[in-house]
Amino acid sequence: MEEKSRDFIREIIDADLASGKHKEITTRFPPEPNGYLHIGHAKSIYTNFGIAEEFAGKCNLRFDDTNPVKEDVEYVDAIKRDVEWLGFKWSDIHFASDYFDRMYLLAEQLITMGLAYVCDLSPEETKTYRGFASKPGKNSPYRNRTVEENLDLFRAMKKGEFPQGSRTLRAKIDMSSPTMCLRDPHMYRILKKDHHRTGNKWCIYPMYDFAHCLEDSTEQITHSLCTLEFEPNRPLYNWYLEKLDIFRSRQIEFARLNLSYTVVSKRYLRKLVEENFVTGWDDPRMPTLSGLKRRGVSPAAIRNFCSVIGLAKRNSTVDIALLENKIREDLNKTAPRVMSVLNPIKLVIENYPADKTEHFDYVVNPEDESAGVRPTPFTRELYIERDDFMEDPPKKFFRMGPGREVRLRYAYLVTCTSVIKDENDNIMEIRCTYDPDTKGGNAPDGRRVRGTLHWVSADHSFPVEVRLYDRLFNKENPMDNEEGEDFTSSINPDSLTVITNCLVENHMKNENPGFICQFERKGYFCIDPDSTPEKMIFNRTITLRDSWKKKKKHK
RNA sequence: UGGGGCGUCGUCAAAUGGCAAGACACAGGGUUUUGGUCCCUGCAUUUGGAGGUUCGAAUCCUCCCGCCCCAGCCA
């Protein structure tokens, strides 16, 4: 057995189980339904669901829908889809809004205990009274209302008798606490807004700090895993549970994911969508799960990525190359190979009969023997990649050039005899001859050929559109901008290149959107949902590693 | 600044007083009908810094430095 090192959260759980504090654990993934899930959420999903699975516990999906101003059902549906797509199953599904009645009762309980009061201070006044980090705040003049008065006022708030923003319910803690969130935090605010699930039932809504710990406690979440920015809130989380004397969930914080060349913040992703820098939340350049999916990234690649980045408390930025590596690693094992010529030039085999068609065995996936072989048709007129030919090639160029012999993958060895140009000196066609003794691609005399080119038969291929994607941002940290500029100035203007009239083997006509394959020597591609029977569209998920390109750059 | 956290390779990240793991990236080599995959090699005499304790310190102590979070009726 391999001894895998454990992260600090798993160690805490180990200890809690060993000490008998818990017999079984429960976690939860609690997104606010106000946007689409992204790769940062994937880390949280993987952590919460993964740990639950590992310890044979439970993990709930819970929508933290306490702010109707920003939330919508559109997002809850998308979130469910994305979690399932990533490959996880929740034990129970809940909505914070399902607990509104219970939360309200607990709020009244706190009032009755003399630990909460209705405050009439305006937002501006509240700010003034709060003080600063180094200076204690002042008590609200409404802090000493009687329990009866508070109860009356709070009930009237609930009934909608006061205008929005006029009053709040606050916890009575300590206005001089060095911990800012303990300076009489708000528990409820008046929001005259319909909720996507509770409709017009409520016009007061609980604040995150009050709501979240109650949600966790109600579901008996043993380990409430969240990101580092909630660390200062933990004392308040514990305060509510302790005063109310209900199930004590334990909040544990870990570092959120940052990715180089990527923006991972709902607020900024929204801006990209709303200001049309991308085509939508599922634009293949987006780091959203729906974008990644449309791009052709597999759930397994994302899970493996989450596994390899680890779990710790220090802020860090993961190199996007690590994600790219996991994408390639998974697709290499799973993607069937296909021949496609992105930038075609005609290749005519002068000594091959015009009326002849041969079929060669094409290995569907050399990494997966069970994928088997399929026949691929070969004819006198083919197309090859324009980049695979140079009239005056450098020494290390292994591909086609005048007089050079190369291999056409799985077919024959061919030698370039001439090129045909138009009046502007553009190469229109390449001519070659084939060696009939090299059927399948091997020479009986054992001579070696360095270059192997992919190709398609002119008669057995069809044109498609291909969308080549590059990183959306050209800066390692897109947020690192000059004065007066925001992250949109880091956008890579070449993040999308559309090319048309790429040629693909005919059998691909049978495949549907979402189909992922490797275009041999070119990268991994995926059929886009925008495809129609008339026009198939492929998204390039990612290129293959290219040590030739690297070598060229060095010179 | 008050409080809460965090500093180990270019980037993530282990090591829990006893020989500084691993992955990615990078560099070089081998195999190869994908310039892919795969395989091999190299890549922290030192853990933000300075002292101290100890036979022995990334780990314990003291001081210093740096970075992040909190001061919404957002989450």
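A, B, ... follow the sequence lines: proteins, then strands. Residue 1 opens every chain. Just so you know, these numbers come straight off a predicted model, no measurement behind them.
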Thinking salt bridges, do [X] and [Y] make one under a 4.0 Å N-O criterion?
X	Y	answer
E385(A)	R521(A)	no
D184(A)	R143(A)	yes
D387(A)	R399(A)	no
K313(A)	E253(A)	yes
D435(A)	R447(A)	yes

For [X], answer base if it contacts any base atom (sugar-phosphate contacts may also be present), sugar-phosphate if it contacts only those atoms, and nothing otherwise; contact means non-hydrogen atoms under 4.0 Å.
X	answer
P366(A)	base
F397(A)	base
Q518(A)	base
R448(A)	sugar-phosphate

What orientation do F95(A) and F63(A) show, parallel under 30°, tilted 30 to 60°, or perpendicular over 60°?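 Because their plane-to-plane angle is under 30°, the rings of F95(A) and F63(A) count as parallel.
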Geometric class of the F29(A)/H41(A) ring pair [parallel <30°, tilted 30-60°, perpendicular >60°]: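 Rings of H41(A) and F29(A): perpendicular, as their planes differ by over 60°.
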Rounded to the Å, how far apart are [X] [atom1] and [N] [atom2]?
X	N	atom1	atom2	result
N365(A)	U32(B)	CG	P	20 Å
N442(A)	U32(B)	CG	P	11 Å
F519(A)	U34(B)	CZ	C1'	14 Å
E11(A)	A14(B)	CD	C1'	11 Å
R183(A)	G4(B)	CZ	C1'	14 Å
K135(A)	G3(B)	NZ	P	15 Å
I12(A)	U16(B)	CD1	P	17 Å
E324(A)	G36(B)	CD	P	16 Å

With the side chain of A312(A) defined as its heavy atoms from C-beta on, choose the nearest nucleotide among A15(B), A14(B), U37(B).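 The answer is A14(B).
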Roughly how far apart are I221(A) CD1 and D216(A) CG, rounded to 0.5 Å?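 It is 5.5 Å, given to the nearest 0.5 Å.
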Per-nucleotide protein contact along nucleotides 66-75 of chain B, 5' to 3', at a 4.0 Å heavy-atom cut-off (B base, S sugar-phosphate only, - neither), is --SSSBSBBB
Considering only atom [atom1], compute the distance from [N] to [M] and round it to an integer number of Å.
N	M	atom1	answer
C68(B)	U62(B)	P	26 Å
A44(B)	C39(B)	P	22 Å
G72(B)	G7(B)	P	28 Å
C43(B)	G5(B)	C1'	32 Å
U54(B)	C67(B)	C1'	32 Å
C24(B)	C19(B)	C1'	25 Å
G17(B)	G22(B)	C1'	23 Å
U41(B)	U34(B)	C1'	25 Å

F8(A) atom CZ, over 12 foreign heavy atoms within 6.0 Å: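 Yes - once you tally the heavy atoms of other residues, nucleotides and ligands closer than 6.0 Å, there are more than 12.
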Which residues pass the salt bridge (charged side-chain N to carboxylate O under 4.0 Å, His left out) test with E229(A), sequence neighbours left out?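 Testing E229(A) for salt bridge (charged side-chain N to carboxylate O under 4.0 Å, His left out), a comparison that skips the adjacent residues, returns R256(A).
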Residues forming a salt bridge (charged side-chain N to carboxylate O under 4.0 Å, His left out) with R155(A), sequence neighbours excluded: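 Only E108(A) meet the salt bridge (charged side-chain N to carboxylate O under 4.0 Å, His left out) criterion with R155(A).
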Contact list (N/O, under 3.5 angstrom) for nucleotides 23-25 of chain B vs protein:
none

All N/O donor-acceptor pairs, side-chain side in residues 185-194 of chain A, below 3.5 Å, sequence neighbours left out:
| unit_1 | atom_1 | unit_2 | atom_2 | d |
| --- | --- | --- | --- | --- |
| H186(A) | ND1 | T168(A) | OG1 | 3.2 |
| Y188(A) | OH | Y104(A) | N | 3.3 |
| R189(A) | NH1 | Y205(A) | O | 3.4 |
| R189(A) | NH1 | P206(A) | O | 2.7 |
| K192(A) | NZ | G160(A) | O | 3.0 |
| K192(A) | NZ | F162(A) | O | 2.9 |

State the syn/anti category of G30(B) according to its glycosidic angle, syn meaning within 90° of 0.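 The base of G30(B) is oriented anti (glycosidic angle more than 90° from 0).
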Establish, with yes or no, whether the OP1 or OP2 oxygen of A13(B) is under 4.0 angstrom from a side-chain nitrogen or oxygen of S316(A).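 Yes, because at least one side-chain N or O of S316(A) sits under 4.0 Å from OP1 or OP2 of A13(B).
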Does OP1 or OP2 of A13(B) have a side-chain N or O of R314(A) closer than 4.0 Å?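 Looking at the OP1 and OP2 atoms of A13(B), one of them is under 4.0 Å from a side-chain N or O of R314(A).
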With RNA chain B as reference, determine whether N332(A) or V318(A) sits nearer its 5' end, using the nearest nucleotide of each.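 First, find each residue's nearest nucleotide; the 5'-ward one identifies V318(A).
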For G35(A), is there any backbone N or O sitting under 3.5 Å from a side-chain donor or acceptor partner on W281(A)?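 No, because the side chain of W281(A) does not come within donor-acceptor range (under 3.5 Å) of the backbone of G35(A).
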Which dot-bracket notation, 5' to 3', represents the base pairing of RNA chain B when pairs are defined as Watson-Crick or G-U with both distances under 3.5 Å, crossing pairs as [ ], and inter-strand pairs as |? .((((((..(((.....[...))).(((((.......))))).....(((((..]....))))))))))).....
Under 3.5 Å donor-acceptor pair, R407(A) side-chain atoms to U34(B) base atoms: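 For R407(A), whose side chain was compared with the base of U34(B), there is no donor-acceptor pair (under 3.5 Å).
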State whether the distance check finds a donor on one side and an acceptor on the other, under 3.5 Å, for side chain E367(A) versus base G36(B).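 Yes, a donor-acceptor pair under 3.5 Å.
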Can a donor-acceptor pair be found between the side chains of E405(A) and Y434(A) at a distance below 3.5 Å?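 No.
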